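Keep in mind that what you see is a predicted model, and the values were worked out from it rather than measured.
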Amino acid sequence: GAGPVDIHANLIQGNLGNDDGGGLRFLMAGNFPFNVYNNMIANNISTHEGGGVSLNDAPDVRFYNNTVMNNLTTATAMTSNGLAAPAGFSSSRNSDLLNEQLYGTGYDCTVVDCFSNALMFNNIFWDNRAGTWTGDGVVGIGLDGDPSPIFYWDLGVADNAGALSPTYTLMQSGDGEAGEGNVLDQDPLVVAEYDSTVRVFPWRGNPNFVGADIVAVELPVTLLGDYHLTTGSPANNAGIDPAGLVAALNQDYDRQPRPSQGSFEIGADEISARFPNTPILYPLPADVAADVAPQAVTSTRDIGDYVIYLPIIFNSFNPAALDWEGDISSFAFDLSTGIEAMDSGNILWKSDLFDADQEAYFTFTDVSATAVHQDLLLKANSLDAGGLMGVDTYLIDIVFDASTSTVQVATLSPGNVRQTHMTWGGISFAVGDQFGARATQGGLVEVYQNGQLIGQADLSTGDNPWAYFGESGQIGMWFEWSESMTPDGASLTDFGGGTMSW
């Protein structure tokens, strides 16, 4: 009845295994579930099989969204016959005892998997090199003085006991190349690779009179490559979620949001975007305003891939009505300088709902010292007529409370049920500071100050996850002073946001 063992978000690098599994080994793990995801497994060396990962008697492993690169096998272990073995990921035939436990006596290996056949998808395998022992040294892994070509072997099953079945996997060579969605022989274009090297020397304790030693292990891991993706990587948006495992995960190796651009990357890293990556909505940016006829002040509305300009006539008509809804009377709007909050109230950008990956931000031009709310609103839905909060409203509230110098991620659910998910203390904003937040379809909320991450909250987990984290919605702001406090005013400019383009 116990849940699976999760092995995730690890940097497994620079290790030497004097048998199978230089980086990660499952040895007689039994028929129990293991989830292995979001790991960077690089520059590890095995003297037999699986420089990166090895499975022995582990039939229920799910291996997804990992980056397995630049691992080596040297064929120099006491158990090796000197022939090359899979260098990135290796499996092997199960023991007779385990197979009898799984299938009973009289099992037929042409009908059932008699080896540990992991569920594999969304993984990167690249530049994993399988060496062969010649009696004089190891060839095929690019050592100095070796004229033979490098032998790439990303994944496979030892002793021809079967074949692995990876899908949506970027790989060079190995089992399952024809699997659905696989990306073959395309460099994943990580930031920087590092090629490990070994030296081989006689060792009297080894019946084969060989041994292997890493010579670069003393280098700090920061110098052993950087296996994050660059923006041009073929792994970008090439993944899938066949078992619902990745969506439940909602973040990558660095705890950055997954998916991005509505799709999953292959590998441990999800390509992220700087904050913000959506346009300023109000007031009209100066470079746009300069292109508008001087006799008309305008507001912008985003219609698909186009921006149109709507003239505003200044008389008794409030120009903010075109772009905002909610407690309009609590704010003063100026299409050249921004917005002033004069009393408690909330306003929302009057637009079609933005998608489930969205952000909002503004820049303070005056910061209240007493307001309990100088907030950003995301994924706002089911508002009353006029854009006001009602009993059916649900939204995400990013709270800056100047009276306590805290920032919070809170949610509102129908029935006016409010929940605080995360609080950070000792935070203040000054004139000129940008306050921002983004929320993803997977339930991750990130809060920013001047483009730097303050912190993160996951609305999809915990004792009381928020039911609406995957919804679309409107964006806006909420300013509020306690009833005993006379509003001292706050103002802002460059309100922006919308659907993230990543």
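Side-chain contact between Leu444 and Asp458 is present, with at least one heavy-atom pair separated by less than 4.5 Å. Using a 4.5 Å heavy-atom cutoff, the side chains of Asp127 and Tyr152 are in contact. With contacts defined as side-chain heavy-atom distances shorter than 4.5 Å, the pair Ile398/Val445 qualifies. Side-chain contact check for Asn277 versus Ser501: some heavy-atom pair is nearer than 4.5 Å. Inter-residue side-chain proximity for Met485 and Ser403 is flagged as unmet; no heavy-atom pair is nearer than 4.5 Å.
Between Gln172 and Asp185, the shortest heavy-atom contact is O-OD1, 3.2 Å.
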>> With ring-ring contact (aromatic ring centres under 6.0 Å, His included) as the criterion, how do Phe89 and Phe63 come out once you've worked through the C-alpha distance, each side chain's angles and the decisive distance to 0.1 Å?
In response: CA-CA 10 Å; Phe89 185 106; Phe63 192 85; 4.9 Å; yes
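Put simply, the side chain of Tyr194 never gets that close to the backbone of Asn70: no donor and acceptor are under 3.5 Å apart.
With sequence neighbours left out, the side-chain hydrogen bond (donor to acceptor under 3.5 Å, both in side chains) criterion links Gln474 to Glu325. By the side-chain hydrogen bond (donor to acceptor under 3.5 Å, both in side chains) test, Tyr253 is found to be paired with no residue, residues two or more places apart in sequence or in another chain being considered.
Evaluation of the side chain to side chain donor-acceptor pair (under 3.5 Å) test over residues 385-398, restricted to residues two or more places apart or in two chains, returns Asp397-Arg418.
Of the residues Thr67, Ile266, Ile124, the one that meets the side-chain contact (heavy atoms from CB on, under 4.5 Å) test with Leu229 is Ile124. Tested against Ile475, the residues Leu378, Leu395, Thr278, Ile396 include a single side-chain contact (heavy atoms from CB on, under 4.5 Å) partner, Leu378.
Taking the ring centroids of Phe331 and Trp324, they lie at or beyond the 6.0 Å cut-off. Aromatic pair Tyr37/Tyr64: ring centres closer than 6.0 Å.
Tyr282 and Phe333 have perpendicular rings, their planes meeting at more than 60° on a 0 to 90° scale where under 30° would count as parallel. By the 30° and 60° cut-offs, the orientation of the rings of Phe400 relative to Phe429 is perpendicular.
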